[in-house]
Participant: 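Input: one structure, supplied below.
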Amino acid sequence: LRQPCVRSCLISIPPHIVQGHTMLSRLATSTLRSQVAVSRAMTARAMSSQCDVVLVGCGVPKRGMGWYHAKQMIDGDVPSANLTDVVEPWFLGAGADSDAGKEFGAFKDENPGVAFHASVDDMPQATGKKLALISGRTADNPQLLKDVIAKGCTHIFLEKPGAPSVGELEEMAAYAAEKGVEVYMGYNKNVTKYVTLAREFEAKTPGAVTTFIHNNAYTRDELSECFERNSEGMLKNMAVHELALLVTYYGVTAETIESVVADKEYSECLTLGDYTDFASIGFTITTTAGKTVTVKADRCGGSNSVAIVEVDGVEKFRSMTPDEELEKWVAPRQAANPDWMPYFLLQHDDYVTLKERATAHIVSGAPGAPEGLATIGIAVDTLKVAEKLAPLLQAELLP
């Protein structure tokens, strides 16, 4: 039998097809490189449009204000902020093995893209613009401000009231100014909707007088712990937001207060353990320029804030937070997160606004302070007002 002839066959490809294939390959490679370049450019632009932020003082997840600041930045709610570092001395130190410390450890593990440190000293030196958001204990702020400046932070965002006393806050302001560091304050009511609406109505209404009411949702049984934890006192803590409004928008300073009258029916001053403070306080200030404004704050009054504008004692306008729209937004989220502090969601937008304005302003390179944000100078005047009012009002209210 004849065996089949087996030949090796080579296929000849015409030159024009080979050239076309080479061109397509080069085009594909070029397109891929272009896409990579565009992606890198977009990433660079995104990074350049963000300000690096270190959070100092995180606190307990779901309870600490620092934690909520961190969460908003991690979740992308603050487009101009890039949270790079968290400093938490207690839960990365002696408190690590506590139940709360374990909660913090879980939060840390959930966010590998953020560097966590037990102290400011452990944080790497900043090489560009960087905002330090300090949200720890008020008594620690004077030293923390110096520490973050030493680490190269170019801007600072301080939670209220900034420092335990006027003297310490003035020293902090002078130190920051000497180092060329801008300091903003977390007075969120300066930018909140209900205050803006009331001020706009007051401005166009002759003879208008405004009352700002601030309620918290503590129970009577929780007041002792509240007094101890907020030992600086209500006027430097809960009601300090309203005092900042008076300083910012109503010309109130320690020097311009002509008179202050306590609302004795509304107010209650208590001594619980080692602390004397207000469970509720109401007072009306009249300035040397003739401007009158009233503040009321009640630790057990609920979870809302109200602004009322009156003319000759008759209410003409009222705004509040939460309003109906905000309540609808908050209700399902609070139900889904019952262990969160209620004011986190109620003031969510205000916290976002403050951080976004601060970080966007820093990225822009503009001088001074962003619109609506109180400076450390405003904070100094606010603390001076608080320190002047506290003994005057206690003298009127204590038996």
Participant: Are side-chain heavy atoms of V183 and L158 found at a separation under 4.5 Å?
Facilitator: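 Yes, close enough: below the 4.5 Å cut-off.
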Participant: Are E182 and H361 linked by a side-chain donor-acceptor pair shorter than 3.5 Å?
Facilitator: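 No, no side-chain donor-acceptor contact under 3.5 Å.
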Participant: Shortest non-hydrogen contact from V352 to D77?
Facilitator: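 Answer, listing the atom of V352 first, then D77: CG1-O, 3.4 Å.
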Participant: For the atom pair CD1 (I149) and OG1 (T154), what is the distance rounded to the nearest 0.5 Å?
Facilitator: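 One gets 10.0 Å once the value is rounded to the nearest 0.5 Å.
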Participant: Does the pair K236/E387 count as a salt bridge with the N-to-O cut at 4.0 Å?
Facilitator: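 A salt bridge is present here (some side-chain N lies under 4.0 Å from a carboxylate O).
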Participant: Scan residues 328-342 for pairs that pass salt bridge (Lys or Arg N to Asp or Glu O under 4.0 Å), counting only residues two or more places apart or in two chains.
Facilitator: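 Every pair satisfying salt bridge (Lys or Arg N to Asp or Glu O under 4.0 Å) with a residue in residues 328-342: K62-D339, E324-K328.
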Participant: So, does E356 use its side chain to make a donor-acceptor pair with the main chain of S80 at under 3.5 Å?
Facilitator: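 Looks like yes, one N/O pair under 3.5 Å.
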Participant: Rounded to the nearest 0.5 Å, how far apart are NE2 of H241 and CE of M185?
Facilitator: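 Those atoms lie 9.5 Å apart.
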Participant: Using only heavy-atom distances, determine whether the side chains of E242 and H214 contain a donor-acceptor pair under 3.5 Å.
Facilitator: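 E242 vs H214: donor-acceptor pair found between side chains.
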Participant: To the nearest 0.5 Å, how far apart are OG1 in T192 and CG in D350?
Facilitator: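 Interatomic distance, T192 OG1 to D350 CG, rounded to 0.5 Å: 3.5 Å.
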Participant: With a 3.5 Å cut-off and no angle check, do the side chains of Y351 and Q347 form a donor-acceptor pair?
Facilitator: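 Yes, side-chain donor-acceptor contact under 3.5 Å.
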Participant: As a quick check of understanding, evaluate salt bridge (Lys or Arg N to Asp or Glu O under 4.0 Å) for D85 and K130, giving each step before the final call.
Facilitator: CA-CA 11 Å; D85 304 86; K130 191 161 191 171; 2.6 Å; yes
Participant: Using every non-hydrogen atom in the two residues, find where V330 and L345 come nearest and quote the distance to one decimal.
Facilitator: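 That would be CG2-O, 3.8 Å.
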Participant: Taking the six-membered ring for Trp, are F227 and Y275 ring centroids under 6.0 Å apart?
Facilitator: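 They do not qualify: ring centres at least 6.0 Å apart.
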Participant: Salt bridge (charged side-chain N to carboxylate O under 4.0 Å, His left out) with K193: which residues, sequence neighbours excluded?
Facilitator: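 Testing K193 for salt bridge (charged side-chain N to carboxylate O under 4.0 Å, His left out), a comparison that skips the adjacent residues, returns D323.
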Participant: Would you mind listing every salt bridge (Lys or Arg N to Asp or Glu O under 4.0 Å) that reaches into residues 194-213, with sequence neighbours excluded?
Facilitator: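 Only E202-K291 qualify under salt bridge (Lys or Arg N to Asp or Glu O under 4.0 Å).
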Participant: Any heavy-atom pair between the side chains of S319 and V306 that's under 4.5 Å?
Facilitator: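 Result no, sub-4.5 Å side-chain heavy-atom pair not found.
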Participant: For the residue pair A208 and V309, what are the closest heavy atoms and their distance?
Facilitator: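 Scanning both residues, the minimum pair turns out to be CB-CG1, 3.6 Å.
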Participant: Which distance, rounded to the nearest 0.5 Å, do you find between the OG1 of T321 and the CG of L346?
Facilitator: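 It comes to 6.5 Å.
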Participant: I would like to know whether I362 and L131 meet side-chain contact (heavy atoms from CB on, under 4.5 Å); could you show each step before the answer?
Facilitator: CA-CA 8 Å; I362 294 167; L131 173 70; 4.0 Å; yes
Participant: Once the angle between the rings of F344 and W67 is folded into 0 to 90°, is it parallel (under 30°), tilted (30 to 60°) or perpendicular (over 60°)?
Facilitator: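 Plane angle between 30° and 60°, so tilted.
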Participant: List the steps and the verdict of side-chain contact (heavy atoms from CB on, under 4.5 Å) for D109 and F107.
Facilitator: CA-CA 5 Å; D109 293 342; F107 172 67; over 6 Å; no
Participant: Would you find a donor on one side and an acceptor on the other, under 3.5 Å apart, between the side chain of K151 and the backbone of D121?
Facilitator: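 Flag set: sc K151 to bb D121 pair under 3.5 Å.
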Participant: Apply side-chain contact (heavy atoms from CB on, under 4.5 Å) to the pair L389 and L243, showing each step before the final yes or no.
Facilitator: CA-CA 10 Å; L389 291 178; L243 295 186; 3.9 Å; yes
Participant: If you look only at distance, which donor and acceptor atoms sit under 3.5 Å apart when one is on a side chain in residues 252-263 and the other is two or more places apart or in another chain?
Facilitator:
from	atom 1	to	atom 2	distance (Å)
T253	OG1	E255	N	3.2
T253	OG1	E255	OE1	3.4
T253	OG1	T256	N	3.1
T253	OG1	T256	OG1	3.3
T256	OG1	G251	O	2.9
T256	OG1	T253	N	2.8
T256	OG1	T253	O	3.3
D263	OD1	E265	N	3.3
D263	OD1	Y266	N	3.1

Participant: Of the non-hydrogen atoms in G282 and S267, which two are nearest, and what is the gap between them?
Facilitator: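 Heavy-atom minimum between the residues: N-OG, 2.8 Å.
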Participant: Does the side chain of E232 come within less than 4.5 Å of P161's, by heavy atoms?
Facilitator: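 Side chain of P161 against side chain of E232, heavy atoms only: contact under 4.5 Å found.
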Participant: Quick one: does T248's side chain have a donor or acceptor within less than 3.5 Å of a partner on L245's backbone?
Facilitator: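 It does not hold such a pair.
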Participant: Over all heavy atoms of both residues, which pair between V87 and S119 is shortest? Give the atoms and the distance, please.
Facilitator: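 The pair with the smallest heavy-atom distance is CG1-C, 3.6 Å.
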Participant: Check whether any side-chain heavy atom of V195 sits under 4.5 Å from a side-chain heavy atom of N190, and report yes or no.
Facilitator: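 The answer is no; the side chains never approach within 4.5 Å.
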Participant: What are the two closest heavy atoms between P142 and A163, and how far apart are they?
Facilitator: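 Here P142 and A163 meet closest at CG-CB, 4.5 Å.
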Participant: Under 4.5 Å between any side-chain heavy atoms of F212 and Y250, yes or no?
Facilitator: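 Yes, close enough: below the 4.5 Å cut-off.
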Participant: Give a yes or no on this: more than 12 heavy atoms of other residues, nucleotides or ligands lie within 6.0 Å of atom CG of D97.
Facilitator: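 Not more than 12 within 6.0 Å, no.
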Participant: For V247 and V385: C-alpha separation, side-chain torsions, deciding distance, then whether side-chain contact (heavy atoms from CB on, under 4.5 Å) applies.
Facilitator: CA-CA 8 Å; V247 171; V385 170; 4.0 Å; yes
Participant: Under the criterion side-chain hydrogen bond (donor to acceptor under 3.5 Å, both in side chains), I'd like the reasoning laid out for D298 against N215: C-alpha separation, chi angles, the key distance, then a yes or no.
Facilitator: CA-CA 5 Å; D298 187 348; N215 294 312; over 6 Å; no
Participant: Could you check whether any side-chain N or O of T84 sits under 3.5 Å from a backbone N or O of V53, counting only pairs where one atom can act as donor and the other as acceptor?
Facilitator: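 Flag set: sc T84 to bb V53 pair under 3.5 Å.
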Participant: Only distances under 3.5 Å count here; give the side-chain donor-acceptor pairs of residues 367-375 to other protein atoms, sequence neighbours excluded, each with its distance to 0.1 Å.
Facilitator:
from	atom 1	to	atom 2	distance (Å)
T375	OG1	G377	N	3.3
T375	OG1	I378	N	3.3

Participant: Is it the case that one hydrophobic cluster holds both L55 and F157, taking links as side-chain heavy atoms less than 4.5 Å apart, direct or via other members?
Facilitator: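 L55 and F157: one cluster.
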Participant: Whether R220 and E268 form a salt bridge (side-chain N of Lys/Arg under 4.0 Å from carboxylate O of Asp/Glu) is what I want to check.
Facilitator: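 Yes.
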Participant: Only pairs under 3.5 Å count here: list side-chain donor-acceptor contacts from residues 169-181, not counting sequence neighbours, and write none if there are none.
Facilitator:
from	atom 1	to	atom 2	distance (Å)
E170	OE2	K384	NZ	3.3
E171	OE2	K146	NZ	3.4

Participant: Counting N and O atoms only, with roles assigned by atom type, does the side chain of E222 sit under 3.5 Å from a partner on the main chain of T219, one being a donor and the other an acceptor?
Facilitator: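 Pair found, side chain donor or acceptor close to backbone of T219.
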